[in-house]
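The structure appears below as structure tokens.
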Amino acid sequence: MDIFADFSLRILAALGELYPDREDLCELAERSTVEPPRDPSHGQVSSNIAMVCAKSLKTNPRQLASSLKEIMITDEDISDIQIAGPGFLNFFLTSDIWYRVLGSILEDPGKFGRNDMGRGRAVNVEFVSANPTGPMHVGHTRGAVFGDALASLLEFCGFEVTREYYINDAGGQIDVLARSAFLRYREALGQDIGEIPPGLYPGEYLIPVGAELARRFGSKYLKASESKWLPVFGPLVLEAMMELIRQDLKLLGVSHDFFFSEKVLHGENGKIAQTLAALERDGLVYRGTLPPPKGKPGEDWEDREQTLFRATSFGDDTDRPLVKSNGDYTYFAADIAYHRDKFLRGFTDQIIVLGADHSGYSKRLQAAVRAVSGGKASIDVKICQIVRLMRDGKPFKMSKRSGDLVTVRDLVEEVGADVVRFMLLFRRNEAPMDFDFALVREQSRENPVFYVQYAHARACSIARKTGEEMPGLDTSLSALAGADFSQLSSVEDLELLQTLAQWPRVVAAAVRAHEPHRVAFYLYDLAGALHGFWARGGQDASLRFVNPGQPELTKARLAMVTAIQKVLEQGLNLLGVSAPRELS
RNA sequence: GGCCCCGUAGCUCAGCUGGAUAGAGCAACGGACUUCUAAUCCGUAGGUCGUACGUUCGAAUCGUACCGGGGUCACCA
């Protein structure tokens, strides 16, 4: 039950009564808002619809507002309507409507906040897609958490979501990886390999891989030529790396539904070739030269003719090469084919989560998706800005003594997955962020993860306490749903209920904008509302949750606390953060 | 030089498809523990929303230009 969405409909209905002959009212009203006003003296629900629609309806905003008021004032849920400023409609509601919200939460807690915006539409969310050349490092973490939370949010709103990972396993880097592992293989067989030569991967994570190869093949390939061992080692090492990455993702609580291998796109009559043929049929491929990038010293710029994709026809800044000088396809050519494959698999709604270093890739991807789908599909490119690791307010290096980068595992082992996930989601994805190891381990309001989890635990604790103090009280969910909510008549009670009632609206806004951080901020607010109410109980006994002398009030308060607990749990769940019933 | 992102209180950040007197936390100052977990809460103070024009009933939000910070720029993936 989203009372703001509900009121949009009521207002629209009133507008319909006023203008029965207009058929464009829905469109007109779409640009208007129905929202909780900042200032309580403006009521509990406020709309700007009169200002938005007045011009098209050939009237003035205050006049329209007053006509709407006349019709709507008969609504039993509305105690008063005020017209303010240039034409705002401010609705003052009876408490009853908040009690109904509370009742609907308790009736089916899993349903509250959910909506069916997706109507079963398929959405593909590609995220992480880290190169399979080593374990995940911190740079990948934000995108991993963001993509996963966004996917959960979409599922919550009725979308059919596929979490997808694109494995870049076709390029030269896989050969480099195999060569690096070959060194470790020799090392495992007792050879002195000295320093890892530059250009190869020096990471220690390849040592166990080399050992495994040695166990499996013995000295069979020790003296063999590269052409013999490379095709054998390559796939094995790749699989080992993917296993490493899957383990890292698991630590974060992330799992993908589908892993797509770039390799399958290549080959004689492969998907890249098919895709380019299709683009060619549409006249989107041509031979030509590209202007050198301006302002950049183009030392080894080669002014040669190449095969280009007409990306500029779809809003990109320049056309893009499809074939390298050695005849291989470019990475982007493969990517076009990949996104065409997504489209052919039925995804007209696509989302991709990329790091800040790929922000320049956004336009060409959108161009590609539009080109291969004939304009039927679109992709929303979400860029996660960089995370700076800090300790006690000072930045620290991303690389360790061994030369390895700080990994996801290091991060999770030090502060825990809940902290990592919540903190990374407690910021707009577009904003760069500092992640302070020290701060994040504090248990105070400065640490939002703790703050929200504590609120959840506190709600559970209040319920336990009620059971202990008043053993005769029926505190089952159905009994609470039938409690006498009119007991919740204080300003504080009503404010808390109103905060609760905003949850569906927050979810809808977050999913529309593809911005899971809004959920995190709402949970922080809701937690603050509960903590505040709790503290007032210390001064004013009438605001305590457990009142042994007043079973009806206690039951109603417990209903409210339970509703808060359910929403916090649901919200944390969407973010992939645990909701502990008690703190240790 | 082109493109993308950022610029809001001393610090870290919110600000909902343009709405009413721009919010929160931290830091500062002043309060509240015979309590349902004080790991908490309440209050005070703090802003030319980078700058300048423009769009309109109304701009932190949209447009243009500039300033400052970060990222990125064919034949890597």
Side-chain angles (χ1 to χ4, degrees), chain A residues 30-33 35-39 42 46 48 51-52 54-55 60-61 84-88 90 131 133 168 170-174 262 289-296 298 300-302 304 306 308 316-321 323-326 328 330-332 334-335 355-363 381 383 385-386 393 426-428 430-434 436 439 442-448 450-451 454 457-458 461-466 468-469 505-506 508-510 512-513 515 517-518 521 524-525 528 531-539 541 544-547 557 561 582-583:
Chain A
E30 207 157 292
R31 298 200 321 276
S32 71
T33 57
E35 57 193 5
R38 224 194 325 267
D39 186 337
H42 294 150
S46 171
N48 64 358
M51 290 176 286
V52 171
K55 195 175 272 178
N60 71 68
F88 288 102
N90 292 333
N131 286 338
T133 55
N168 297 130
Q173 60 180 356
I174 298 303
E262 180 190 351
T289 56
L290 240 34
K294 286 176 192 160
K296 218 190 147 201
D300 45 2
W301 175 261
E302 210 183 313
R304 63 184 180 81
Q306 44 191 343
L308 298 168
D316 200 0
D317 305 312
T318 175
D319 291 337
R320 304 290 175 179
V323 182
K324 297 188 216 172
S325 48
N326 68 2
D328 289 348
T330 59
Y331 176 79
F332 183 54
D335 224 14
D357 54 340
H358 284 76
S359 58
Y361 211 67
S362 174
K363 281 189 187 176
V381 183
I383 303 289
Q385 286 295 329
I386 50 167
F426 198 62
R427 177 127 322 172
R428 219 166 72 251
E430 309 259 66
M433 77 180 286
D434 294 341
D436 196 310
L439 208 67
E442 274 180 34
Q443 300 199 329
S444 69
R445 181 151 194 171
E446 239 184 300
N447 181 344
F450 166 77
Y451 189 74
Y454 180 42
R458 174 168 268 173
S461 149
I462 291 167
R464 279 195 301 273
K465 187 76 182 176
T466 310
E468 284 165 23
E469 301 248 326
R505 186 183 144 74
V506 169
R512 236 191 313 267
E515 289 182 347
H517 78 272
R518 295 184 193 213
F521 277 93
Y524 186 71
D525 281 349
H531 289 313
F533 195 103
W534 191 92
R536 273 184 213 108
Q539 324 218 300
R544 292 173 71 110
F545 291 106
V546 188
N547 297 276
R557 286 265 162 79
V561 168
E582 53 192 319
L583 296 179

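Values below: every heavy atom of this structure, side chains too, minus hydrogens, waters and symmetry copies. Predicted model only: the values in this text are computed from it and were never measured. Numbers restart at 1 for each chain; the letters A, B, ... are given by sequence-line order, proteins then strands.
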Applying side-chain hydrogen bond (donor to acceptor under 3.5 Å, both in side chains), can you list everything that pairs with T289(A), at least two apart in sequence or on another chain?
none

For R505(A), the side-chain hydrogen bond (donor to acceptor under 3.5 Å, both in side chains) test, sequence neighbours excluded, returns none

Tell me every residue that passes side chain to side chain contact (heavy atoms under 4.5 Å, CB included) with S32(A), counting only those two or more places apart in sequence or in another chain.
A29(A), N48(A), I49(A), V52(A)

Can you name the ring-ring contact (aromatic ring centres under 6.0 Å, His included) partners of Y454(A), sequence neighbours left out?
F450(A), H531(A)

Atom CG of D525(A) to atom C1' of C16(B): distance rounded to whole Å?
12 Å

Answer yes or no: side-chain N or O of T318(A) and base N or O of A74(B) forming a donor-acceptor pair under 3.5 Å.
no

Under the ring-ring contact (aromatic ring centres under 6.0 Å, His included) test, which residues partner F521(A), sequence neighbours left out?
F426(A), H517(A)

So which protein N/O to nucleotides 9-11 of chain B N/O distances come out below 3.5 Å?
none

Verify stack between Y524(A) ring and A24(B) base, 5.5 Å, 30 degrees
no

When you measure from the side-chain N and O atoms of R428(A) to the phosphate of C16(B), is any distance below 4.0 Å, counting only OP1 and OP2?
no

Please list, for nucleotides 54-60 of chain B, all pairs of protein and nucleotide N/O atoms separated by less than 3.5 Å.
unit_1 : atom_1 : unit_2 : atom_2 : d
C57(B) : OP1    : K55(A) : NZ     : 3.3

With sequence neighbours left out, write down each residue that passes side-chain hydrogen bond (donor to acceptor under 3.5 Å, both in side chains) with D39(A), or none if nothing qualifies.
S41(A)

So, using side-chain hydrogen bond (donor to acceptor under 3.5 Å, both in side chains) as the criterion, who are the partners of Q385(A) when residues are at least two apart?
none

Give each protein N/O atom lying under 3.5 Å from an N/O atom of nucleotides 65-71 of chain B, with the pair distance.
unit_1 : atom_1 : unit_2  : atom_2 : d
G71(B) : O2'    : A356(A) : O      : 3.1

Take N1-N3 plus N6-O4 or O6-N4 for Watson-Crick, N1-O2 plus O6-N3 for G-U, both under 3.5 Å. Which runs of 3 or more such pairs involve RNA chain B?
B:1-7 with B:67-73, B:10-13 with B:23-26, B:28-32 with B:40-44, B:50-54 with B:62-66

Looking at the base of C16(B), is there any donor atom on it, or on the side chain of R505(A), that sits under 3.5 Å from an acceptor on the other one?
yes

Whole-Å distance, R458(A) CZ to A38(B) C1', equals 8 Å

Can you work out whether P37(A) or G172(A) has the more 5'-proximal nearest nucleotide on RNA chain B?
P37(A)

Rounding to a whole Å, what distance do you find between E262(A):CD and C76(B):C1'?
11 Å

Quick one: side chain to side chain contact (heavy atoms under 4.5 Å, CB included) partners of A535(A), sequence neighbours excluded?
none

